[in-house]
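I have placed the structure first, in the form of structure tokens, so that the comments after it can refer back to it.
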Amino acid sequence: MPQDDELISSWLDRTARFYNQSLGDLLCTTRRSRQQVHLANIDIGKPRAALLPIANLLGVRIEQLEKQTISFAFPWSTKIVARGIYISIGQTQPNLRYAACYHCLEQQKIDHGFSWLRREWVIASRTVCSVHHVMLQEGQGTVIVHPAWRTYLRNHCRAGKSVCAMYPSILGGVPSTRPAAGEGLIDRLHRRTILVQDTLLAAAALGKKARGGSDLDDLAYVVGDLLWAFTRADRHFDDRLVYEAFSSPRLETDWLLGQRRRPGPIDFTFLHVDERHSMLATVALLTGDQVFRESFYHLPCGWQDILATFYRRLKDSDRDEFAGRQRHWPPVFQVDGVGAGAEV
């Protein structure tokens with residue numbers, strides 16, 4: 001049986017491995033071709049008809065299977081799940097981007113004898129594990145493993161049979177290209193990022209951003225607008241996003257930024273987990289304590305300087321949209337002389 005927070009595709013993968021099959025071979029027993037069984041539809045739970053052959057395969061009622069879907073557990077999240085860019089032939093929507101915390105996977109295996117993928121890990125704004133304060137790792141299909149196990153599992157390919165299969169991404173064995181930063185600073189940043197992510201998810205669950213509510217409600221409102229601005233096209237450089245003007249040299253190298261460079265606007269939910277994390281962590285820095293923020297930048301950067309940079313980088317139509325959003329921000333994030341119609 002599945003775990004309470006487990007994705008259906010993870011449950012299917014564990015079932016296939018129990019019978020020494022691949023997930024694709026198992027899905028073929030539904031009397032559909034592999035191209036016709038889409039894990040994204042199954043995990044999200046829409047359309048409902050996609051669940052029927054899986055329910056028959058597993059020998060459970062479709063109502064029971066529905067309770068494992070993202071749309072049942074988080075009905076507010078179906079439009080903010082992380083997705084791939086490309087749509088395969090015959091699909092109506094892109095595949096999900098599967099990610100996991102490798103510490104959680106190891107802990108699950110210690111406690112239960114196997115590991116599984118949690119539904120929460122496919123939500124676009126969740127990029128840091130709230131338990132272990134580490135970045136999630138993205139993989140293909142349904143094995144993300146702890147870095148210490150990579151070489152061992154590569155040499156002993158059958159050693160991880162009881163681990164939920166999440167095949168490592170192309171960069172899985174490549175040394176990190178992120179510049180080194182103090183561990184204390186990174187841990188503090190991850191904790192701040194978790195706060196930002198939790199406020200975004202709480203606001204999404206309410207169905208709208210609260211205005212004039214708690215400090216966390218106000219933070220969610222501002223964070224969402226800054227993320228939107230990050231994904232817009234830079235008015236001075238057609239091949240890059242506004243986000244690049246705010247990227248910290250302590251978090252990303254120029255080489256890595258160049259590899260990711262693309263014209264905007266883009267959809268935040270279609271980005272790789274590393275890119276989404278960089279944007280969320282940067283928003284966490286920008287909306288946090290100035291002294292801590294300046295630990296990640298070479299120059300002083302007050303809130304007025306931050307807003308002025310947004311207005312310099314956004315194109316005219318996006319600048320107007322940003323100004324309209326800014327009018328609804330709480331007073332603590334307002335700055336006289338920087339906003340709609342201001343010369344910056």
Side-chain angles (χ1 to χ4, degrees), residues 5-10 37-51 54 65-88 90-100 117-128 130 136 138 142 193-211 213 216-217 219-233 241-243 262 264-281 283-284 318 321-322 324-325 328:
D5 58 352
E6 186 173 11
L7 286 166
I8 295 176
S9 60
S10 173
V37 178
H38 306 309
L39 294 182
N41 293 344
I42 295 170
D43 282 329
I44 292 174
K46 295 183 179 180
R48 188 172 187 266
L51 298 176
I54 304 302
L65 198 61
E66 280 184 306
K67 294 180 180 180
Q68 293 296 131
T69 64
I70 295 170
S71 60
F72 181 91
F74 309 124
W76 43 268
S77 72
T78 54
K79 293 185 178 180
I80 59 172
V81 292
R83 294 187 177 275
I85 297 175
Y86 301 106
I87 303 178
S88 302
Q91 288 189 228
T92 59
Q93 57 185 344
N95 289 324
L96 295 178
R97 286 186 178 273
Y98 293 96
L117 300 182
R118 293 174 174 162
R119 288 186 293 263
E120 181 186 13
W121 290 338
V122 299
I123 298 177
S125 54
R126 175 63 73 197
T127 64
V128 178
S130 57
L136 302 185
E138 186 172 311
T142 62
T193 304
I194 290 170
L195 173 65
V196 166
Q197 294 176 6
D198 288 346
T199 58
L200 283 175
L201 295 178
L206 292 174
K208 60 181 180 179
K209 299 172 186 173
R211 300 180 187 179
L216 292 182
D217 293 332
L219 177 63
Y221 198 76
V222 175
V223 165
D225 292 338
L226 296 187
L227 284 176
W228 172 85
F230 276 174
T231 62
R232 313 310 289 177
L241 305 175
V242 169
Y243 160 72
R262 72 197 72 182
I266 59 173
D267 188 330
F268 177 78
T269 63
F270 281 75
L271 296 175
H272 188 278
V273 67
D274 285 353
E275 297 177 86
R276 285 183 275 117
H277 173 72
S278 295
M279 289 188 180
L280 284 162
V283 167
D318 292 331
E321 171 71 16
F322 188 71
R325 292 168 178 249
H328 301 291

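For the pair Ala220 and Leu200, the tightest heavy-atom approach, listed with the atom from each and the gap, is O-CD2, 3.9 Å. Across all non-hydrogen atoms, the minimal contact from Ala50 to Ile42 is O-CG1, 4.1 Å. Closest heavy-atom contact between Val283 and Leu227: CG2-CD2, 3.8 Å. The shortest non-hydrogen separation linking Ser77 to Ile123 is CB-CD1, 4.2 Å. Of all the heavy atoms in Thr78 and Arg83, the pair that sits closest is O-NH2, 4.1 Å. What you find for Ser125 and Leu201 is that their closest heavy atoms are OG-CD2, 3.2 Å.
Taken from CZ in Arg97 to OG1 in Thr269, the straight-line distance is 9.5 Å, to the nearest 0.5 Å. Atoms CD1 and OG1, from Ile194 and Thr199 in turn, are 12.0 Å apart once rounded to the nearest 0.5 Å. Of the inter-residue distances, the one linking Leu271 atom CG with Tyr243 atom OH reads 10.5 Å to the nearest 0.5 angstrom. Going from atom NE2 of His277 over to atom NE2 of His272 covers 12.5 Å, rounded to the nearest 0.5 Å. Distance CD/Glu66 to CZ/Phe72: 8.0 Å, rounded to 0.5 Å.
When atom types are taken as modelled, the side chain of Arg276 and the backbone of Ala124 share a donor-acceptor pair closer than 3.5 angstrom.
Two residues are said to be in side-chain contact when any heavy atoms from C-beta on lie closer than 4.5 Å; Lys46 and Asn41 fail this criterion. Counting heavy atoms from C-beta outward, Gln197 and Leu280 have side chains that approach closer than 4.5 Å. Considering only heavy atoms from C-beta on, Leu51 comes within 4.5 Å of Ile8 through its side chain. Counting heavy atoms from C-beta outward, Phe268 and Phe230 have side chains that stay 4.5 Å or more apart.
Ring-plane geometry between Tyr221 and His328 is classed as perpendicular, the angle between the planes exceeding 60 degrees on a 0 to 90 degree scale with a lower cut at 30.
Between Glu275 and Arg262 there is a salt bridge, with a side-chain nitrogen of the basic residue lying less than 4.0 Å from a carboxylate oxygen of the acidic one. Electrostatic pairing of Arg126 and Asp198 counts as a salt bridge here, judged by a charged N lying under 4.0 Å from a carboxylate O. Ion pairing between a basic and an acidic side chain is recognised when a charged N comes within 4.0 Å of a carboxylate O; Arg119 and Glu6 show no such pairing.
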Report task. Report the C-alpha separation of Val242 and Thr231 in whole Å, then their side-chain angles, then the decisive distance to 0.1 Å, and conclude whether the side-chain contact (heavy atoms from CB on, under 4.5 Å) test is met. Result -> CA-CA 6 Å; Val242 169; Thr231 62; over 6 Å; no
Report task. For the pair Leu96 and Ile70, evaluate side-chain contact (heavy atoms from CB on, under 4.5 Å) and give the outcome as yes or no after the intermediate values. Result -> CA-CA 11 Å; Leu96 295 178; Ile70 295 170; 4.2 Å; yes
Query raised in the report: Can Ile44 and Thr69 be said to form a side-chain contact (heavy atoms from CB on, under 4.5 Å), step by step?
Result: CA-CA 5 Å; Ile44 292 174; Thr69 64; over 6 Å; no
Query - Leu39 and Leu7: CA distance, side-chain angles, deciding distance, side-chain contact (heavy atoms from CB on, under 4.5 Å) verdict - result: CA-CA 10 Å; Leu39 294 182; Leu7 286 166; over 6 Å; no
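You'll find the ring centres of Trp76 and Phe74 inside the 6.0 Å limit.
Each of Ser10, Ser71, Ser9 was compared with Asp43 under the side chain to side chain contact (heavy atoms under 4.5 Å, CB included) criterion, and only Ser9 meets it.
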